[in-house]
Amino acid sequence: VQLQASGGGLVQAGGSLRLSCAASGRSFSSSAFGWFRQAPGEEREFVAAISWAGASTYYSDPVKGRFTISRDDAKNTVYLQMNSLKPEDTAVYYCAAAPAATSSFYLQRESGFDSWGQGTQVTVSS
């Protein structure tokens with residue numbers, strides 16, 4: 001699967017951004033998707049994931065209640081709506097794809113994903 005992330009930028013604390021991830025290649029509807037982020041000097045960490053049918057979503061504790069992952073199978077696009085942004089959300093955000101059969105356990109870990117996008121920078125100023 002080829003993935004193209006977009007939508008990053010500079011926003012003030014408390015603001016919102018919506019990231020998009022356009023996918024091509026493997027059947028979109030047969031894939032699960034996730035978002036990860038990597039801050040400077042830090043390891044890449046899980047942010048959110050959505051199952052292949054969109055029935056299940058998963059979030060890391062730091063973003064739960066503020067971020068929403070969704071998918072539009074007609075547009076082959078996955079979204080990450082980010083609200084109430086904080087300076088600690090500053091990072092490069094990556095979208096990733098996984099086979100439909102990937103378990104919920106592995107949808108929350110890098111090892112569960114077999115395709116990665118190029119990343120988009122999100123900077124939240126205080």
Side-chain angles (χ1 to χ4, degrees):
V1 180
Q2 290 75 50
L3 302 170
Q4 181 73 38
S6 62
L10 174 64
V11 63
Q12 288 188 332
S16 298
L17 280 175
R18 188 177 78 160
L19 305 184
S20 299
C21 178
S24 60
R26 180 173 68 206
S27 172
F28 184 90
S29 60
S30 298
S31 299
F33 294 91
W35 287 95
F36 290 74
R37 67 186 182 186
Q38 187 169 23
E42 302 289 333
E43 293 187 350
R44 190 157 56 184
E45 65 174 3
F46 168 75
V47 175
I50 187 166
S51 64
W52 70 275
S56 299
T57 56
Y58 310 92
Y59 298 94
S60 65
D61 286 343
V63 309
K64 200 170 294 183
R66 299 188 297 122
F67 290 11
T68 302
I69 188 171
S70 62
R71 59 187 293 159
D72 185 338
D73 287 19
K75 296 183 178 179
N76 285 6
T77 302
V78 180
Y79 302 99
L80 184 68
Q81 178 67 44
M82 306 185 295
N83 298 328
S84 302
L85 283 162
K86 304 175 181 180
E88 51 263 44
D89 295 318
T90 295
V92 177
Y93 283 70
Y94 299 88
C95 62
T102 304
S103 69
S104 59
F105 179 87
Y106 283 105
L107 282 181
Q108 300 175 69
R109 288 159 177 84
E110 288 190 53
S111 59
F113 295 84
D114 58 6
S115 299
W116 292 83
Q118 85 289 1
T120 185
Q121 176 71 48
V122 172
T123 303
V124 184
S125 63
S126 56

Would you check if [X] and [Y] make a side-chain contact, meaning some heavy-atom pair closer than 4.5 Å?
X	Y	answer
Arg37	Pro62	yes
Phe113	Leu107	yes
Leu85	Gln12	no
Met82	Trp35	no

Would a distance-only check, ignoring hydrogens and angles, find a side-chain to backbone donor-acceptor pair under 3.5 Å from Gln118 to Ala5? yes

Looking only at atom types and distance, does a side-chain atom of Ser51 sit under 3.5 Å from a main-chain N or O of Ala32, one as donor and one as acceptor? no

How long is the straight-line distance from [atom2] of [Y] back to [atom1] of [X], given to the nearest 0.5 Å?
X	Y	atom1	atom2	result
Thr77	Leu3	OG1	CG	10.5 Å
Phe46	Arg109	CZ	CZ	9.0 Å
Gln38	Glu110	CD	CD	8.0 Å
Thr57	Phe67	OG1	CZ	14.0 Å
Gln81	Ile69	CD	CD1	12.0 Å
Asn83	Arg18	CG	CZ	11.5 Å

Do Val92 and Trp116 share a hydrophobic cluster, counting only Ile, Leu, Val, Met, Phe, Trp and Tyr and linking them when any side-chain heavy atoms are less than 4.5 Å apart? yes

Could you see if Tyr106 belongs to whatever hydrophobic cluster contains Phe36? Use Ile, Leu, Val, Met, Phe, Trp, Tyr and a side-chain cutoff under 4.5 Å. no

Is a salt bridge present between Asp61 and Lys64, judged by a nitrogen-to-oxygen distance below 4.0 Å? yes

Please determine whether the number of non-hydrogen atoms from other residues, nucleotides or ligands lying under 6.0 Å from atom OH of Tyr59 exceeds 12. yes

What pairs with Arg71 under salt bridge (Lys or Arg N to Asp or Glu O under 4.0 Å), at least two apart in sequence or on another chain? Asp73

Decide side chain to side chain contact (heavy atoms under 4.5 Å, CB included) for Phe33 and Cys95; before the verdict, give the C-alpha distance in whole Å, the side-chain angles of both, and the deciding distance to 0.1 Å. CA-CA 7 Å; Phe33 294 91; Cys95 62; over 6 Å; no

If you compare all heavy atoms of [X] against all heavy atoms of [Y], which two are closest, and at what distance to 0.1 Å?
X	Y	answer
Tyr79	Asp72	CE1-CB, 3.9 Å
Thr90	Val124	OG1-N, 2.9 Å
Gly112	Ala98	O-CB, 3.3 Å
Asn76	Phe28	C-CE1, 3.2 Å

Which is it for Val1 and Ser31 under the side chain to side chain contact (heavy atoms under 4.5 Å, CB included) test, yes or no, and what are the steps along the way? CA-CA 9 Å; Val1 180; Ser31 299; 4.3 Å; yes

Determine whether Tyr94 and Val47 satisfy the following criterion, side chain to side chain contact (heavy atoms under 4.5 Å, CB included), listing intermediate values before the conclusion. CA-CA 9 Å; Tyr94 299 88; Val47 175; over 6 Å; no

